[in-house]
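Proteins come first, then strands; the chains are lettered A, B, ... in the order of their sequence lines, and each starts at number 1. As a basis for the values below, the full set of heavy atoms in this structure was taken, side chains included, without hydrogen atoms, waters or symmetry mates.
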Number of protein chains: 2
Amino acid sequence: MTARPEHDAVTILQSARLRRTAPRIAVLESLLASDGPLTQEQITAHIGPRGPNRVTVYRILESFVAAGVVRQAFLRDRAQHYELAHCCPRHRVHPHFTCTQCGKTCCLPEVDLPMPAAPVNGFLVSRQRVEWEGLCPSCRQSPAAD
Amino acid sequence: MTARPEHDAVTILQSARLRRTAPRIAVLESLLASDGPLTQEQITAHIGPRGPNRVTVYRILESFVAAGVVRQAFLRDRAQHYELAHCCPRHRVHPHFTCTQCGKTCCLPEVDLPMPAAPVNGFLVSRQRVEWEGLCPSCRQSPAAD
DNA sequence: TTTTTATGTGCAACTCAGTTGCGAAAAGAG
DNA sequence: CTCTTTTCGCAACTGAGTTGCACATAAAAA
Ligand SMILES: [Mn+2]
Ligand SMILES: [Mn+2]
Ligand SMILES: [Zn+2]
Ligand SMILES: [Zn+2]
């Protein structure tokens, strides 16, 4: 279950010097179990009815972002999507792909998009965010269903 | 003032078969006068106190997007930013640059970022959005003030 | 272990961008 | 000018995220 220490909720909390509370462990485990960024609403739904208050989830995510454990991946439908930060460096985040057919969003951490090192038209780029839209592998094979 | 017909509010409305009303002309002229995407709030502020109701501005922008005259450029601080669509094709939108110092966002229409033609890891990309962050030309020269 | 203290949590109320319903106004057709 | 259709203004609503404050609890100190 707990293969690498980076993928264990309690280990992540300890190395980030964050208090080990039930709500924090639950939020971390939701993010660890997901294959893509999640909203507060999705995290709360994943934890279940006995989980923490939604305000608590927001505050936990805020503290995780401050500690560098979690990153704000992107904003969609006016809702912030959060993901674990241990997969890629801060300033060159991997592209995120959203399927126009099934609506699922995936991380593409193995894709390395070059970021301009020299200024472009006088603009010095230090951080880039790329969002892709199109058809995911499974929707390309079966265009009707998911 | 009205150099090219593409840059004239009334002409844009006529060629899009949209009714020529004072609120629509005012919204179009705000976008024409701006060098970057605008929010409803910014458009309303630009028009002034005698301008249309904010709900009307939202509905006008909605109809412009449906007619292909305006595009939803990006979402920032939970607010949608709109820009005129006549500057670049639908599926390969130019990158938008936001300065971390002065906060201004600029369009970079002359920058042509390649979009993957072949599927990446099985994902067929049909639309891409790129956001850049860093220092704008004027903030690079005078790091303290704008 | 028990006590103490700093930090985390739950609840209610709030903010703010955007939406909806509906009656009034006005653009364009005839 | 009259009629029809679309647009507009207002009020109320929605939903994500925030804030203030009292209470709970993890971790440090005794
Ligand atoms: Mn990701
Ligand atoms: Mn632009
Ligand atoms: Zn799909
Ligand atoms: Zn600047």
Side-chain angles (χ1 to χ4, degrees), chain A residues 9-31 37-67 69-83 105, chain B residues 9-31 37-67 69-83 105:
Chain A
V10 174
T11 309
I12 292 173
L13 286 176
Q14 281 174 344
S15 51
R17 308 274 160 97
L18 290 166
R19 281 199 181 179
R20 174 178 169 169
T21 68
R24 281 171 189 219
I25 292 169
V27 169
L28 264 184
E29 284 179 343
S30 298
L31 292 170
L38 298 176
T39 64
Q40 170 273 317
E41 177 114 45
Q42 291 171 315
I43 292 169
T44 299
H46 181 264
I47 297 174
R50 297 191 160 215
N53 186 274
R54 68 193 187 90
V55 179
T56 301
V57 175
Y58 278 120
R59 287 198 269 229
I60 286 172
L61 289 168
E62 191 182 1
S63 72
F64 284 179
V65 169
V69 171
V70 161
R71 179 181 303 123
Q72 301 185 333
F74 55 85
L75 208 58
R76 170 151 334 179
D77 300 326
R78 311 180 46 69
Q80 188 64 246
H81 288 61
Y82 299 86
E83 68 180 337
T105 297
Chain B
V10 174
T11 309
I12 292 173
L13 287 176
Q14 281 174 346
S15 51
R17 308 273 159 97
L18 291 166
R19 281 198 181 181
R20 174 178 170 168
T21 69
R24 281 170 189 220
I25 293 169
V27 169
L28 264 184
E29 283 180 343
S30 298
L31 292 169
L38 298 176
T39 64
Q40 171 273 315
E41 178 115 46
Q42 291 170 315
I43 292 169
T44 299
H46 181 265
I47 298 175
R50 298 191 159 215
N53 187 273
R54 66 192 190 93
V55 179
T56 301
V57 174
Y58 278 121
R59 286 197 270 229
I60 286 172
L61 289 168
E62 191 182 2
S63 72
F64 283 178
V65 169
V69 171
V70 160
R71 179 181 304 124
Q72 301 186 332
F74 55 84
L75 209 57
R76 169 150 339 184
D77 302 325
R78 313 180 45 69
Q80 188 65 244
H81 289 60
Y82 299 87
E83 67 180 338
T105 296

Any donor-acceptor N/O pair under 3.5 Å between [N] base and [X] side chain:
X	N	result
B:R19	C:dA27	yes
B:R59	D:dG9	yes
A:R78	D:dG17	no

Measure [atom1]/[X] against [atom2]/[N] and give the value in whole Å, please.
X	N	atom1	atom2	result
B:I60	C:dT19	CD1	P	14 Å
B:R54	C:dT19	CZ	C1'	9 Å
A:L38	D:dG17	CG	P	13 Å
B:Q14	C:dG28	CD	P	9 Å
A:H81	D:dA16	NE2	P	11 Å
A:Y58	D:dG15	OH	P	13 Å
A:R17	D:dA27	CZ	C1'	14 Å
B:E62	D:dC8	CD	P	12 Å

Ignoring backbone atoms, establish whether [X] has a side-chain N or O less than 4.0 Å from OP1 or OP2 of [N].
X	N	result
B:N53	D:dC10	yes
B:R24	D:dT7	yes
A:T21	D:dA26	no

If you measure from [atom1] on [X] to [atom2] on [Y], what distance do you get to the nearest 0.5 Å?
X	Y	atom1	atom2	answer
A:H81	A:I43	NE2	CD1	10.0 Å
B:I12	B:F64	CD1	CZ	8.5 Å
A:I25	A:I60	CD1	CD1	10.0 Å
A:E62	A:T56	CD	OG1	12.0 Å

Nearest-nucleotide wise, let me know which of B:D77 and A:V57 is further upstream toward the 5' end of DNA chain C. A:V57

Toward the 5' end of DNA chain C, by each residue's nearest nucleotide, B:A22 or A:S63: A:S63

I want to verify a distance call: between [options], whose nearest atom is closest to the [X] side chain?
X	options	value
B:P52	C:dT9, D:dG9, D:dA16	D:dG9
A:Q80	D:dG17, D:dC8, C:dA17	D:dG17
A:E41	D:dC8, D:dA16, C:dT9	D:dA16
B:V55	D:dA11, C:dA27, C:dT9	D:dA11

Test log, rule side chain to side chain contact (heavy atoms under 4.5 Å, CB included), inputs A:V27 and A:V70: CA-CA 11 Å; A:V27 169; A:V70 161; over 6 Å; no

On a heavy-atom basis, the closest approach of A:L38 and A:S30 is CD1-O, 3.7 Å

Just call it for B:R20: base, sugar-phosphate, or nothing, with non-hydrogen atoms closer than 4.0 Å on any strand. sugar-phosphate

